[in-house]
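Just so it is clear: chains get the letters A, B, ... in the order the sequence lines come, proteins before strands, and each one is counted from 1. Computed from heavy atoms alone, side chains included, the values below leave out hydrogens, waters and symmetry copies. From a predicted model like this one, the values you see are computed outputs, not experimental measurements.
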Amino acid sequence: MLKENGILFDVTLCVGCGSCYKKCKEVNSLPQANNDFLKDHLSNNTYTVVEQYDKLYTRKLCMHCNEPACASVCLVGAIKKSPTGAVVYDGDKCIGCRYCMQACPHKVPRYEWSSTKPRIRKCIMCNNRVQEGKLPGCAEICPTEATLFGNIDKLIEVAKNRLKDNPEKYYQHIYGLEEAGGSHVLIISPVPFEQLGYVSKLPKESMPEFTMRAMEKIPSVVVGGGVFLSAMYWLTKRKNQIAKEEKNNTHGN
Amino acid sequence: MKINEILKPTFWKVVSVIIVTIGLVSTFYRFTRGLGATTNLHDMAPWGLWIGFDFLGVGLAAAGFTIAATVHIFHLHKYEPMVRPAILTAFIGYSIVVCLLVVDLGRPENFWHPLVMWNIHSVMFEITWCLICYTTVLILEFAPVVLEKFNLTAPIKYLRIISIPVVIAGVLFSTLHQSSFGSLYLIVPGKLHPLWYSSLLPVHFYISCIASGLSMIIFESFLIARAFPKDEGFHHTELKMNILSGASFAVLVALIAGFLLKSYDFINNGKISLLIKPSAETYLFYLEIITGTIVPISLLSFKKFREDKKWLYIISICVISGLILNRLNVSITGLIASSGVNYFPSFDEISITAMLVVLGVFAFRIVAKNFHLFEAAESHETVKERI
């Protein structure tokens, strides 16, 4: 059985060397966009970035949600949650409606706007490498183990232990554990996460839940609506008939 | 009509030809250079004018199912003369919407994928299928008009047999996708401005499309009366005030229902304080509610205004503007604040949209001139009455 993997990123360990950024470009054969990696941002050529906030460095990448909004809204199922934990994309299926970009609570998916055959671009947690038994590029190269890759349950344990063992060092929250229903990328940091540019105040329930509450009413609308309309058709027809008969009767008399 | 007459240049003909020509050039650029070169769409604003226009186009084409249901399901035969124009409007409206959707797709050549690749959890999937099914319904509903022109009575007989199930299916498909356009935004609670975000969005969309679809057909009746006058050989195009004021009463009911629902939503979710928070969104919200709801409700409440041609015309424009504002607010302006970028449609986006609108009006004229659009052919009820 495939095990569900994830990434744990520890802001306190990150030295801002940019190795993950460069390695990500290398394994995904992406062009260098910017000489200064700290100034780059997520784009169709950049799946992860390192950002500086005062003396702290943090990473932005696809969060690989447990129940991804992007996958739930994709009408052709081009985006899927892989059993390995990664949220993967099949460009051959994609029709380019870009609902995934609209729906993503973390504002991650990017688009190849300048192409005539555009694709959605984002981190796929190096799913192909992982299936070959390798680590994702960013986790393999990280010199300080700020980015860890492994079984998601074990990573949650590690994160919880770090928060418990060093309460003075960490802000007591694991970003990604509950945000938008939880994700396979977890982040721990010494400061609140809105200070690091993360989308805060995300609901704890998964995003597809919001849609499902409306979608699950569809069968009853169809059945109820069908019965109602058929009944109204019959009733109003009958009513007109009776009215006509009465009219005829009075005329007849 | 003679060739000379068709080629005779008039102001609107010249304008239309210019708009269509520019639109065609833009369409060519769009497909050869891609979305990035021709639109102002952005990673943070992935949906723009085209999607916004689809929203309001579908909303304004809603009379296709409401009028069909009024006449064929509820047997209010008074409204029979509105059926064909309403169905044609819906069909043309949906055709524009489908064209714009294809233009907007990043991979238009893959447009058929939803037919074979299914994700039933996606609202977009449901909308796509409803659009396909409902357009089929509209074709079936309008087919008799075309068939009778060519005296093909045999197929009309078969269409009559299935007509009631077809109308019922049309109402159900419309109910589903009209509301689902609102459901599209249920998944972005953090992005869409709370003035518009609500778990009741699908219901808001459904109620408002009923009011505005009917207003659209009222508005159209005025245009039809002017564009196809009796002295040019058209029949039954004159304004029938008893029908119009009846329809405007339905608009009033739908607007009040929508207003009550919105009030309930604001009170229940503690959003009242948003109404006094000065921001661009608040002003746009007021503009939308005042033009599209409050003014029409106050005017339509008086019988005097419901039965006055001029006022009815103005009111229908108000309701239509309200819907346009609402759909653009939900799909564009309500998302600007959270996206952090200012989106304004590019020249190509506007010109392609304008081209499709002009072509839609042109199509309506062609059909109106060549088919029995206004002389509602005898319904089976009237036929039966004669027997």
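Contacts between Val188(B) and chain A at a heavy-atom distance below 4.5 Å involve the side chain alone, from C-beta outward. In this structure, chain B has heavy atoms under 4.5 Å from both the backbone and the side chain of Ser72(A). Only the backbone of Ala71(A) comes within contact range of chain B, judged by heavy atoms closer than 4.5 Å. Looking at Phe31(B), only its backbone comes within 4.5 Å of chain A, counting heavy atoms on both sides. Contact of Arg30(B) with chain A is not made at all, since no heavy-atom distance falls under 4.5 Å. Using a 4.5 Å cut-off between heavy atoms, Thr175(B) touches chain A through its side chain atoms alone. In this structure, the portion of Thr32(B) lying under 4.5 Å from any heavy atom of chain A is its backbone and not its side chain.
Looking only at heavy-atom pairs under 4.5 Å with chain B, the residue among Pro105(A), Pro109(A), Ala78(A), Ala103(A) that has the most is Ala103(A). Each of His42(B), Met44(B), Arg107(B) has some count of heavy-atom pairs under 4.5 Å with chain A, and the biggest count is that of Arg107(B). For the options His113(B), Arg33(B), His121(B), heavy-atom pairs under 4.5 Å to chain A are most numerous at His113(B). When Gly77(A), Ala69(A), Pro118(A) are compared by the number of non-hydrogen pairs under 4.5 Å with chain B, Pro118(A) comes out ahead. Of the listed residues Glu209(A), Lys201(A), Arg110(A), the one with more heavy-atom pairs under 4.5 angstrom with chain B than any other is Arg110(A). Among Ile95(A), Thr116(A), Thr211(A), the residue with the largest count of heavy-atom pairs under 4.5 Å with chain B is Ile95(A). Counting heavy-atom pairs closer than 4.5 Å to chain A, the top residue among Pro46(B), Gly34(B), Ala37(B) is Pro46(B). Of the listed residues Val203(B), Leu335(B), Leu176(B), the one with more heavy-atom pairs under 4.5 angstrom with chain A than any other is Leu176(B).
Atom NZ of Lys107(A) is separated from atom OG of Ser338(B) by 5.0 Å, given to the nearest 0.5 angstrom. Atom-to-atom distance recorded for Leu201(B):CG and Phe210(A):CZ is 12.5 Å, nearest 0.5 angstrom. Rounding to the nearest 0.5 Å places NZ of Lys217(A) at 11.0 Å from OG of Ser179(B). The CD1 atom of Ile218(A) lies 3.5 Å from the CD atom of Glu126(B); values are rounded to the nearest 0.5 Å. Phe74(B) CZ to Met232(A) CE: the interatomic distance, rounded to the nearest 0.5 Å, is 5.0 Å. With rounding to the nearest 0.5 Å, the separation of SG in Cys94(A) from CG in Leu105(B) is 9.0 Å.
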Side chain to side chain contact (heavy atoms under 4.5 Å, CB included) between Gln102(A) and Met124(B), worked out
CA-CA 12 Å; Gln102(A) 193 72 274; Met124(B) 194 70 99; over 6 Å; no
Could you go through Ser230(A) and Ile168(B), starting from their C-alpha distance and side-chain angles, then the distance that decides it, and tell me whether this counts as side chain to side chain contact (heavy atoms under 4.5 Å, CB included)?
CA-CA 8 Å; Ser230(A) 313; Ile168(B) 293 181; 3.8 Å; yes
If you apply the rule side chain to side chain contact (heavy atoms under 4.5 Å, CB included), what do you find for Leu35(B) with Arg98(A), and how did you get there?
CA-CA 12 Å; Leu35(B) 288 168; Arg98(A) 312 184 294 280; 3.4 Å; yes
Are Leu186(B) and Arg213(A) close enough, and set up right, to give a side chain to side chain contact (heavy atoms under 4.5 Å, CB included), and what steps lead you there?
CA-CA 9 Å; Leu186(B) 289 176; Arg213(A) 264 180 249 141; over 6 Å; no
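Side-chain N or O atoms of Asn119(B) include one that pairs as donor or acceptor with a backbone N or O of Cys74(A) at under 3.5 Å. Judged by distance alone, with hydrogens and angles left aside, the side-chain atoms of Trp118(B) form no donor-acceptor pair with the main-chain N or O of Leu75(A) at under 3.5 Å. Counting only distance, with no hydrogens or angles, the side chain of Lys93(A) and the backbone of Asn110(B) share no donor-acceptor pair below 3.5 Å. In this structure a side-chain-to-backbone donor-acceptor pair under 3.5 Å is missing from Thr236(A) to Leu76(B). Of the possible donor and acceptor atoms, one in the side chain of Tyr99(A) sits under 3.5 Å from a partner among the backbone N and O of Leu184(B). Put simply, the side chain of Asp43(B) never gets that close to the backbone of Met101(A): no donor and acceptor are under 3.5 Å apart.
In this structure, Tyr264(B) places its OH atom where only 12 or fewer heavy-atom neighbours from other residues, nucleotides or ligands lie under 6.0 Å away. Under a cut-off of 6.0 angstrom, the local environment of NZ in Lys78(B) is crowded, with over 12 non-hydrogen atoms contributed by other residues, nucleotides or ligands. More than 12 non-hydrogen atoms from other residues, nucleotides or ligands lie less than 6.0 angstrom from OH of Tyr198(A). A 6.0 Å sphere centred on CD1 of Ile161(B) holds more than 12 heavy atoms belonging to other residues, nucleotides or ligands.
Residues His77(B) and Asn240(A) have side chains in contact (heavy-atom distance under 4.5 Å, counting atoms from C-beta outward). Put simply, the side chain of Val123(B) reaches to within 4.5 Å of the side chain of Met215(A), judged on heavy atoms.
Here the closest non-hydrogen pair linking Ile73(B) and Leu229(A) is CG2-O, 3.3 Å.
Ring pair His75(B)/Tyr233(A) is tilted by interplanar angle, where 30° to 60° counts as tilted.
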